Amino acid sequence: MNLPELFSKRLILLSGKGGVGKTTVAVTLALAAARQKKKALIVEMNSTERVAPFFGLKTIGQREIPLAPYITGINLNPRDCFEEYVLMQIRFKTLFDTFFNNRFVTYFLNAVPGLNELLMIGKIYHLEKQKDKRTNEPLYDLIIVDGPATGHGVSTFEVPRIARDAIKVGPLRSQSDRILGLLTDASKTVFSAVTLAEEMPVVEAGELVSMVRKKLGIPLGPIFINAVHQTEVAKGEADQLTDKMPEKNDPLYPYFAYALLSWRRADLNREYRETLMEQHKDLECITIPFLYEEITTAKSLEPIVREWLESIHA
Ligand SMILES: Nc1ncnc2c1ncn2[C@@H]1O[C@H](COP(=O)(O)OP(=O)(O)OP(=O)(O)O)[C@@H](O)[C@H]1O
Ligand SMILES: [Mg+2]
C-alpha cells in the first residue's frame with residue numbers, strides 16, 4: 001500500500017515500540033492529509049498530551065478541538081467515553097450523575113479488563129461515523145490514531161474481538177460486531193507499524209506485524225521506518241577514515257571521528273532497514289529521514305510533509 005492508497009483510507013492505527021516516533025508520524029500524516037484538503041482527526045488514547053505542543057498548545061483534552069486548518073485533535077479518556085456511552089443509552093445526565101458517581105465509575109473501569117480500551121475504540125467508531133450536520137458528509141475524512149506502544153497496541157485493538165467472542169447477545173454484542181466490522185474493513189482501516197532502523201525496534205516491529213496478522217485481522221498498512229540517518233561519507237571513504245585516523249590529541253581527530261560515526265550510524269540504519277524490507281516484502285516501507293533540527297512544532301515536520309506530497313503527485 002503506497003501513500004496515495006493510505007490517504008484514501010478513513011482510519012489509520014499506528015503502533016510501535018516506545019519512543020520510535022508514533023506521535024511524530026501521526027502528526028505528519030495529519031499535516032499531509034490537511035495539505036490535500038482532507039479533514040484529519042488526530043486521536044490520542046489517554047496519552048500525556050504529546051500532540052498539543054506541535055500546535056502550540058499545552059493540552060487537547062477529551063473534546064475535539066481544532067488544531068490547524070483541516071486538523072482536529074482529541075485525547076480520549078476512558079471515563080469520559082464511559083459517560084458518553086452511558087448517556088447515549090439512558091439519555092439523562094442527572095440519572096447518570098445519580099447512579100454513576102465518580103467512585104463507582106473508577107471502580108467499574110478498573111474492575112472490568114479491557115473495558116477502558118473498548119470504550120475508547122467505541123468512541124473512535126463513533127467519530128468515524130460522525131456527519132457534518134449541514135452537508136451530511138463525514139465530519140472527518142481521515143482519523144489517525146496515535147496508538148499505544150507495541151505489546152499494549154495489539155492487546156488494545158484485540159479487545160473488540162474478545163468482547164465479541166465473549167458476549168453472545170445484547171447491545172454490547174452488536175456494538176462489538178460493528179466496531180470489528182470497521183476495524184477489519186480493508187477499504188477503510190489500516191494498521192501501520194512505526195519503527196527505527198535499529199535492532200530491538202525492528203524485532204518488535206516484526207512481532208507486531210505478525211501479531212496483527214494472526215490475532216487482529218486488521219489490514220496492514222505501510223511500515224514507517226523513522227529517523228533514518230543519511231551520510232555524505234561513502235564506504236571507501238569510511239575505510240580511508242579508519243586507516244588515516246589521527247591520534248586523539250590531533251586537532252583533526254574530532255572531525256575524523258564524527259565523519260566515521262556518521263557513516264557507521266547510517267550504515268547500521270541501512271542494514272536494519274534492508275532486513276526489515278526483506279522480512280516484509282508484501283508491505284510498503286516508508287522511510288523517514290532523521291531530522292537534525294529539533295522537532296518543536298508542526299513546522300519542523302515540513303521537510304517530511306513536502307517529500308510525501310511530492311511522491312503523491314509524482
Ligand atoms: N525523524 C525524526 N528525526 C529526529 N528526531 C525524531 C524523528 N522522529 C521522532 N523524533 C524524536 O524522537 C522522540 C520520540 O518521538 P515520538 O514522541 O514521536 O515517539 P513515540 O513513539 O510517540 O513515543 P512514545 O512511545 O513515548 O509515545 C521525540 O523527541 C521526537 O522529536
Ligand atoms: Mg507518542
Side-chain angles (χ1 to χ4, degrees), residues 3 12-33 40-62 67 71 73-77 117 120 124 143-157 191-209 211-212 221-231 261-262 265-266 268-270 272-273 276 285-311:
L3 275 174
I12 303 175
L13 309 174
L14 297 170
S15 188
K17 192 171 158 59
V20 294
K22 297 176 290 297
T23 305
T24 308
V25 171
V27 173
T28 312
L29 282 167
L31 294 168
L41 174 69
I42 310 175
V43 179
E44 286 177 277
M45 295 181 80
N46 206 19
S47 96
T48 48
E49 297 285 357
R50 305 304 285 268
V51 172
F54 281 94
F55 300 94
L57 299 173
K58 276 218 165 72
T59 57
I60 289 178
Q62 65 278 7
L67 299 176
I71 305 179
I74 187 168
N75 187 0
L76 300 180
N77 143 340
E117 289 78 5
M120 289 193 284
I124 294 170
I143 298 178
I144 302 150
V145 181
D146 179 7
T150 317
H152 199 110
V154 173
S155 53
T156 297
F157 293 108
F191 190 111
S192 276
V194 182
T195 184
L196 300 174
E198 290 171 15
E199 187 175 358
M200 283 317 290
V202 163
V203 170
E204 278 203 29
E207 286 167 1
L208 176 62
V209 164
M211 295 286 263
V212 173
I223 298 178
F224 291 92
I225 313 179
N226 187 32
V228 172
H229 287 271
Q230 271 122 3
T231 184
L261 171 71
S262 144
R265 218 161 35 183
L268 201 74
N269 280 175
R270 183 192 52 72
Y272 283 111
R273 181 170 164 267
L276 194 77
C285 288
I286 297 175
T287 302
I288 301 173
F290 183 89
L291 299 177
Y292 285 93
E293 291 201 15
E294 199 190 353
I295 301 173
T296 49
T297 62
K299 206 161 169 278
S300 323
L301 302 172
E302 189 57 27
I304 313 171
V305 175
R306 212 177 313 123
E307 195 184 312
W308 286 1
L309 292 175
E310 276 166 17
S311 92

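In each ligand, atom 1 is the first atom listed, and ligand 1 is the first ligand listed. As the structure is a computational prediction, the values presented were derived from the model and not from experiment. As a basis for the values below, the full set of heavy atoms in this structure was taken, side chains included, without hydrogen atoms, waters or symmetry mates. Residues take their numbers from the sequence shown, with the count starting at 1.
Between P289 and ligand 1, at least one pair of N/O atoms sits closer than 3.5 Å. The shortest N or O to N or O distance between K22 and ligand 1 is under 3.5 Å.
Residue contacts with ligand 1: G19 is included, with a non-hydrogen atom under 4.0 Å away.
To the nearest 0.5 Å, the span separating CG on L196 from NZ on K17 amounts to 9.0 Å. Residue L41 holds its CG atom at 8.5 Å from CG of L67, rounded to the nearest 0.5 Å. Separating the NZ atom in K299 from the CD atom in E293 is a distance of 9.0 Å, to the nearest 0.5 Å.
Atom 19 (O) of ligand 1 has G21 N, 3.0 Å as its closest protein atom, hydrogens excluded (heavy atom only). The closest protein non-hydrogen atom to atom 8 (N) of ligand 1 is N226 ND2, 2.8 Å. Protein heavy atom at the shortest distance from atom 30 (C) of ligand 1 is T24 OG1, 4.1 Å. Summary of contacts: the protein heavy atom closest to atom 6 (C) of ligand 1 is I295 CD1, 3.4 Å. Looking only at heavy atoms of the protein, atom 3 (N) of ligand 1 is closest to L291 N, 2.8 Å.
Shown are the protein N/O/S atoms under 2.8 Å from the Mg ion (ligand 2), given by residue and atom: T23 OG1.
Below 30°, between 30° and 60°, or above 60°: for F290 and H229 the angle between ring planes is below 30°, a parallel geometry.
Remark: ligand 1 atoms within the under-4.0 Å shell around heavy atoms of G18 are 25 (O).
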Requested in this report: Would you sort out whether I60 and E49 count as a side chain to side chain contact (heavy atoms under 4.5 Å, CB included), showing the intermediate values?
Outcome: CA-CA 7 Å; I60 289 178; E49 297 285 357; 3.5 Å; yes
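The heavy atom nearest to atom 17 (O) of ligand 1, considering only E294, K17, R50, is found in R50.
A donor-acceptor pair is defined here as one N or O able to donate and one able to accept, closer than 3.5 Å; such a pair exists between the side chain of S15 and the backbone of P148. Without hydrogens or angle criteria, N269 side chain to A197 main chain gives a donor-acceptor distance under 3.5 Å. Counting only distance, with no hydrogens or angles, the side chain of N75 and the backbone of S47 share a donor-acceptor pair below 3.5 Å.
For the pair E204/L208, no side-chain contact is recorded, criterion being any heavy-atom separation below 4.5 Å from C-beta on. Within the 4.5 Å cutoff, the side chain of I304 has no heavy atoms near those of the L31 side chain.
With a 6.0 Å radius and a threshold of 12 heavy atoms from other residues, nucleotides or ligands, R265 has its CZ atom above the threshold.
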